[in-house]
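Fair warning: this is a prediction, and the values are worked out from it, not measured in the lab. Below, chain A is the first sequence line, B the second, and so on; all start at residue 1.
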There are 2 protein chains.
Amino acid sequence: MTEEVSPRKGDRTKAAILASARNAFHELGFDGASVRAIAAQANIDPAMVIRYFGSKQELFAAAVRIELRLPDLAQVPKSRRGRALVEHFLHRWEGEPNEDALIMLLRSAVSHEDAAQRLHTVFASQVVGALRPVVAASELKRRSALVASQMLGLALTRYVLRLPAVADLTRTDVIRDFSPTIQRYVAGPLPH
Amino acid sequence: MTEEVSPRKGDRTKAAILASARNAFHELGFDGASVRAIAAQANIDPAMVIRYFGSKQELFAAAVRIELRLPDLAQVPKSRRGRALVEHFLHRWEGEPNEDALIMLLRSAVSHEDAAQRLHTVFASQVVGALRPVVAASELKRRSALVASQMLGLALTRYVLRLPAVADLTRTDVIRDFSPTIQRYVAGPLPH
DNA sequence: GTCTATAATTCGATAGAC
DNA sequence: GTCTATCGAATTATAGAC
């Protein structure tokens, strides 16, 4: 019989693989992150990764757990909804180190069709879902598109491309400069 | 002696390789596009690609010719600069089929360091350059960052990720909805 | 459970015949 | 100029010893 510590040994190695995988996918995207590199960073044999997760594809699916947990906008005063969204995203993206699934998806979706599909799903269910209670049904798709384009553009330029002009902005700068835009997209007048 | 037609034979094959390469890089990014696939699409032997361009890296450099040719904003009335920029980008991106270098760079920069650097350079020289004549020096970096985040976010969601909500917008929709944002980023009041 | 060895692909790039 | 053949490296994934 093999050794057993309080959390099952298999669970610990599985968790180590997942942590390493999240970091690698976050930094390099699906194609760029190799199973070998993920295993090496976790001090684990590459064969174990496949044994535990079946394939790189399934490992990716397990590593990407998307829970945007967007705030309930109905409980935010109408004039502060833009700022609430910007603050929420910023907190998500800069809170936990290198593990945000949306950035992983963003890096992967460019070259990996499955990742792109998952990003579509996340967007459709969560962003649209957050806006639905507070915008007219006839404007839901349009306002969601605008919010997605600006928030993903911020994520792209700040975390993926790391354009200095955007990456050098402080958190305060980001909230101050992007909140009015998102506010208009969520609750402001739209040109007819 | 080998056959010679009016444009040198070598020039024709070279042009065919470049066209195929642009299409492949545009669709798949640097890593995703293989020399073999590029050659196959051009009905040319893969070895010829290397012979003509030296390496995949140099082929990429030759294929990516960035000329944003942004309009001279000083000659546009201040109140219409946002719209002028949005219209210009849209025309660039939807004008020539599948050849826009900025989309190629965007798809490649995620996984390819050289492409990311080139995108930094393009942004710094061209976007910042277009804004410099019409914004205060103290606000140049900040306003450039905002414009880049929104325009690249639009390109990302519409052409790369193809989020339906964004991809389904008509050109008229895009101009109507994004011009006010870019206008504010270029010429509007910034929160202090 | 773990690891060695390796199969099966695919890639960029090269050498050399013609 | 063109193409065949191939090298060397990298990848995911599997088989099987221990």
Rounded to whole Å, please give me the gap between NZ in A:Lys14 and P in C:dT2.
13 Å
d(CG, B:Leu59; C1', C:dC11) in whole Å:
15 Å
When rounded to whole Å, the CZ to C1' distance for the pair B:Phe53 and D:dT2 reads 16 Å
Rounded to whole Å, how long is the line connecting atom CZ of A:Phe60 with atom P of D:dA13?
14 Å
Check every atom of C:dT2, C:dG12, D:dT2 against the side chain of B:Arg51 and return the nucleotide holding the closest atom.
D:dT2
Could you tell me how the ring of B:Trp93 sits relative to the ring of B:Tyr159: parallel (under 30°), tilted (30 to 60°) or perpendicular (over 60°)?
perpendicular
Separation of D:dA10 atom C1' from A:Asp31 atom CG, nearest Å, is 13 Å
d(CZ, B:Arg36; C1', C:dG12) in whole Å:
8 Å
Can you name the residues that form a side-chain contact (heavy atoms from CB on, under 4.5 Å) with B:Ser144, not counting sequence neighbours?
B:Phe123, B:Val128, B:Leu131, B:Leu140
Between P on D:dG8 and CD1 on B:Ile50, what's the gap in Å once rounded to a whole number?
18 Å
State whether A:Glu94 and A:Arg158 are salt-bridged, where the test is any N-O pair (Lys NZ or Arg NE/NH1/NH2 against Asp/Glu carboxylate O) under 4.0 Å.
yes
Steps toward salt bridge (Lys or Arg N to Asp or Glu O under 4.0 Å) verdict (A:Asp173, A:Arg176)
CA-CA 5 Å; A:Asp173 290 336; A:Arg176 182 192 55 189; 3.0 Å; yes
Consider only side-chain heavy atoms of I, L, V, M, F, W and Y, link residues closer than 4.5 Å, and tell whether B:Ile66 and B:Leu70 are in one cluster.
yes
Of residues 41-48 of chain B, the positions that come close to DNA chain D - non-hydrogen atoms, cut-off under 4.0 Å:
B:Asp45, B:Ala47, B:Met48
Base, sugar-phosphate, or nothing for B:Ala33, non-hydrogen atoms under 4.0 angstrom?
sugar-phosphate
Regarding B:Lys141 and A:Asp168, does a basic nitrogen lie under 4.0 Å from an acidic carboxylate oxygen?
yes
Separation of C:dG1 atom C1' from A:Arg12 atom CZ, nearest Å, is 13 Å
Looking at D:dT2, C:dG12, C:dT2, which one has an atom nearest to any side-chain atom of A:Tyr52?
C:dT2
With a 4.0 Å cut-off on heavy atoms, is A:Thr13 in touch with a base, just the backbone sugar-phosphate, or nothing at all?
nothing
The test is side-chain contact (heavy atoms from CB on, under 4.5 Å); show your working for B:Met104 and B:Phe25 and say whether it passes.
CA-CA 6 Å; B:Met104 286 170 46; B:Phe25 288 138; 3.7 Å; yes
